[in-house]
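Inspection log for the structure reproduced underneath, given as structure tokens.
FYI, the numbering just counts along the sequence from 1.
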Amino acid sequence: MDFTLLLHERYTQTYQAHAKQKFSRLWSSKSVTEIHLYFQEEVRQEECEHLNHLFAPTETGKQPRTVVIQGPQGIGKTTLLMKLLMAWSDNKIFRDRFLYTFYFCCRELRELPATSLADLISREWPDPAAPITEIVSQPERLLFVIDSFEELQGGLNEPDSALCHDVMEKRPVQVLLSSLLRRKMLPEASLLVAVQPVCPKELRDRVAISEIYEPRGFNESDRLVYFCCFFKDPKRALEAFNLVRESEQLFSMCQIPLLCWILCTSLKQEMQKGKDLTVTCQSTTSVYSSFIFNLFTPEGAEGPTPQSQCQLKALCSLAAEGMWTDTFEFREDDLRRNGVVDADIPALLGTKVLLKYGEHESSYVFLHACVQEFCAALFYLLKSHLDHPHPAVRCVQELLIVHFEKTRRAHWIFLGCFLTGLLNKQEQQKLDAFFGFQLSQEIKQQLHQCLKSLGEHGDPQGQVDSLAIFYCLFEMQDPAFVKQAVNLLHKADFHIIDNADLVVSAYCLKYCSSLRKLSFSVQNVFKKEDEHSSTSDYSLVCWHHICSVLTTSGHLTELQVQDSTLSESTFVTWCNQLRHPSCRLQRLGINNVSFSGPSGQLFEVLFYQPDLKYLSFTLTKLSRDDVRSLCDALNYPAGNVKELALVNCFLSPIDCEVLAFLLTNNKKLTYLNVSCNHLDTGLPLLCEALCNPDTVLVYLMLAYCHLSEQCCEYISEMLLHNKSVRYLDLGANVLKDEGLKTLCEALKHPDCRLDSLCLVKCFITAAGCEDLASALISNQNLKILQIGCNEIGDVGVKLLCGALMRPDCHLEILGLEECGLTSTCCKDLASVLTSSKTLQQLNLTLNALDYAGVVVLCEALRHPECALQVLGLRKTDFDEETQALLMAEEERNPNLTITDDCDTMTRVESDCEEPGL
């Protein structure tokens, strides 16, 4: 055997023995949950297979991989890493893949002064002199395990020039780890990174990630084992487990081992006091309040001491400061500022609510982020925010508004729920008993006012997460208040991803009677039914409550169901509510929905809904029979659907025959969008139907329908004979200059009534602009022209501008985004701006304009004859000088808006890129 191989084998064996001893000791070290007492440290066979798969060689060989383990605090990321390292030390995994695996905990490393990667490796080596040269000689056989990556402040923000390549070079720890992750140092090595969900955006932006793995924590059998081991008495364990199993929220909480320990501790405390566990299990807030209050009540005492009251108040003040300042690790001065004196610290550590953090400095953390959130919520029941020593702590209404936002702070998960949960009558009694007072009535009034304001002002930006509101109301367990609160809201938008979401949404929606708009999705809840499985009765009851809002909210006119999977029973329940006489929808959107069962039931809804005016299917597969059934229903005399969208519904040319019949016979349909379907050879049937003088269609969308230049002959014929179509979208079809020439012949004809044409991304060049310019002069009806994403260049724009300056051209909106333009064309565009009396909107985004070109445009904008109101430019694409010029022009002219959101692009393209089109 080669001497180098023998040397590596000896080093590896030495290091494996050391690693096994180290991580076995860490595994069995004292922890709050004492999980090591209940579960084996050995990796199970299925775990071994999965871990091996994470770093399995690719087809091209043993390529370096960066695997991210992502999950919330306490889910078991570090536990998984320790089991992995112990399995490697026993040669159970990665036997032929890695010679060495090194574990770096960022929580410990961040305290180090400048160091080198060689020094970090030496810290892990059993002897003082680690064989660095030999270890790094085969970097492709190295695995670096990086735990708690979120602990590094600004861990990946360094510019490339600040990174290092030399393993012996001393640099700050975050630079070393960033150099590894960004493949500047030992690029052939593999990496395994554990991180909380708040951090991955930074990782995704700067690191090439091979795979993201999310540990699932305790499965159902693990939870049962933990309960049995924790309670010791099997009868008590099963009593507690069965109670928790009935609550989706509490059972979900037990997925995280540390939270499972909190729950078990809380129930055990109540058992020992002879309390009714059903009361404790009525909400998540109740579990946490029992847990905290019992910890701060001396054993055997009826209530807390004045000292423990003060300690808990101070802890709550600290927690509130942390939530508003995104602080989760506290120094001693933070504790003192909030009223925690040095003498209190041993007692607080004794409760385990506060833990010492790190080895070298006096820093502290709460047992879990959820405990900090609970204590922060509790602060508001005890004091006004005005009494807090830190100015960042805001009022209750601001807290609620932030919590209800879809883009709320990453760490704010349960804060709002705990706040509202503490308003429950039983929780008020606990607060009265512990503190002698509480401010629940004031907070309840502020919650009511917050929801009233949301209802009155609506949610125009779509920022409100209705599910966050529902969870807060559910946590109160106060039906009278919930009924009053939900009827302050006129719009609901939420996503159901598990049974807990289903239960909470159903609880609130069953009280709803004032909704006007409803949008939701439901995933991972309703599985396909067969003889072996069916949707549970309780889930069906909850689903019925959600669907019943269609009949109980008399003002509900708009429903959007998206990204959902429905079983047969849930699909039938939904259809039954849609058919109900009390359902008065005017707009129904079905986006990316798959369902089992007879689809005809959905189309039959049209027989019962005379108020329905808009019907949309997007990313929802429709069979040939489905399309036929739908069109038959749309032709029902009592139906009143005016707008129909069938976007990316897997339609084929054969379906055009049924659609053509619909267009010929239906005298109410004015809008048809069949974009993102493969309709090429079926187009002649649609055009022939639209040549019928009795058709009433006004809007026709055919974007991304795989049309070619030959199809333009049929479209041109239709434009010459049809008197109703005003808007035509042919975007994202390969029409080319040849097809455009054919279209322009029709556009120039006096019988063409078209006033809006979209030709975005149709492979048009400057040569096609000559025909287009001629059409613009001849057609005085055309008001809107979108030709973005075509390489027409400055030459093409010059041809168009010649037409736009003519008084007989009445164009109002022109889209030229991403057309390969430079500042050379700005002089021609400026001439249009100073001469056209009609042009109101011009989109020039995503073109290579510079300061000189913008100066020319701004001069034209100042001309007294310039009628432009919207100029499409992205200010951030320019240098500071140009940005200042654009902002000054906007300020000078209050009637002008310069924006990169002109709403001119073909919006359906993103839905056309799904596989299977």
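A side-chain donor-acceptor contact under 3.5 Å links S179 to the backbone of V175. Distance alone, capped at 3.5 Å, places no donor-acceptor pair between the D771 side chain and the A773 backbone. Judged by distance alone, with hydrogens and angles left aside, the side-chain atoms of Q786 form no donor-acceptor pair with the main-chain N or O of L757 at under 3.5 Å. Put simply, the side chain of Q586 never gets that close to the backbone of T557: no donor and acceptor are under 3.5 Å apart. Judged purely by atom type and a 3.5 angstrom limit, D694 has no side-chain atom pairing as donor or acceptor with the backbone of T664. The backbone N or O of S774 sits less than 3.5 Å from a side-chain atom of S778, completing a donor-acceptor pair. A donor-acceptor contact shorter than 3.5 Å is absent between the side chain of N666 and the backbone of L663.
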Open item on the list: Let's go through N692 and T695 carefully: what are the C-alpha distance in whole Å and the side-chain angles of both, what is the deciding distance for side chain to side chain donor-acceptor pair (under 3.5 Å) to 0.1 Å, and is it a yes or a no?
Closed with: CA-CA 6 Å; N692 188 314; T695 57; 5.8 Å; no
TODO: Step by step, work out the side chain to side chain contact (heavy atoms under 4.5 Å, CB included) result for V797 and L816.
DONE: CA-CA 9 Å; V797 167; L816 293 172; 4.3 Å; yes
Task: Intermediate values then yes/no, salt bridge (Lys or Arg N to Asp or Glu O under 4.0 Å), E643 and K613 - done: CA-CA 6 Å; E643 300 179 44; K613 303 292 190 296; over 6 Å; no
TODO: Give the C-alpha distance, both sets of side-chain angles, the deciding distance and a yes or no for side chain to side chain contact (heavy atoms under 4.5 Å, CB included) between K723 and D751.
DONE: CA-CA 8 Å; K723 307 301 180 188; D751 288 339; 4.0 Å; yes
Open item on the list: The test is side chain to side chain contact (heavy atoms under 4.5 Å, CB included); show your working for L669 and L662 and say whether it passes.
Closed with: CA-CA 9 Å; L669 195 68; L662 174 68; 3.9 Å; yes
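No side-chain donor-acceptor contact under 3.5 Å links D755 and N781. Checked by atom type, the side-chain pair S675/N673 shows a donor-acceptor distance below 3.5 Å. A donor-acceptor contact under 3.5 angstrom links the side chains of T66 and R183, judged on distance only. In this model, a donor atom of one side chain and an acceptor atom of the other lie less than 3.5 Å apart for D794 and T822. The closest side-chain donor-acceptor pair between S831 and D828, if any, does not fall under 3.5 angstrom. Side-chain atoms of N790 and T765 form no donor-acceptor pair, as typed in the model, at a separation below 3.5 Å. Counted by atom type alone, S521 and H495 present one or more donor-acceptor pairs between their side chains at under 3.5 Å.
Taking OG1 from T620 and CD from Q562, the interatomic distance works out to 10.5 Å, rounded to the nearest 0.5 Å. Separating the CG atom in N779 from the NE2 atom in H749 is a distance of 11.5 Å, to the nearest 0.5 Å. Taking CG of L873 as the reference point, atom CG of L842 lies at 8.0 Å (rounded to 0.5 Å). Atom CD1 of I792 and atom CD1 of I787 lie 4.0 Å apart (nearest 0.5 Å). To the nearest 0.5 Å, atom CD of residue E812 and atom CG of residue L782 are 10.0 Å apart. Here the straight-line distance linking atom CG of N895 with atom CG of N893 works out to 5.5 Å at 0.5 Å rounding.
When all heavy atoms are compared, the tightest approach of N733 to L702 is ND2-O, 2.9 Å. Here the shortest heavy-atom pairing between L886 and C858 reads CD2-SG, 4.4 Å. Considering every non-hydrogen atom in both T834 and E865, the closest pair reads O-CB, 3.6 Å.
Applying the 6.0 Å contact sphere to NZ of K827 captures no more than 12 heavy atoms from other residues, nucleotides or ligands.
By the 4.0 Å N-to-carboxylate-O rule, E859 lies too far from R862 to be salt-bridged with it. No salt bridge links K517 with D493; every basic N to acidic carboxylate O contact stays at or beyond 4.0 Å. The existence of a salt bridge linking K875 and E890 is confirmed by a sub-4.0 Å separation between a basic side-chain nitrogen and an acidic carboxylate oxygen. Ion pairing between K741 and E738 fails under the 4.0 Å rule for side-chain N and carboxylate O.
Ring-plane geometry between Y727 and Y699 is classed as tilted, the angle between the planes lying from 30 to 60 degrees on a 0 to 90 degree scale. Note on ring orientation: taking the six-membered ring where Trp is involved, the planes of Y614 and Y671 are tilted (angle from 30° to 60°).
Checked options D850, V855, V856; the residue passing with S823 is D850 (criterion: side-chain contact (heavy atoms from CB on, under 4.5 Å)).
At a threshold of 4.5 Å between non-hydrogen side-chain atoms, the residues Y714 and E688 do not count as touching.
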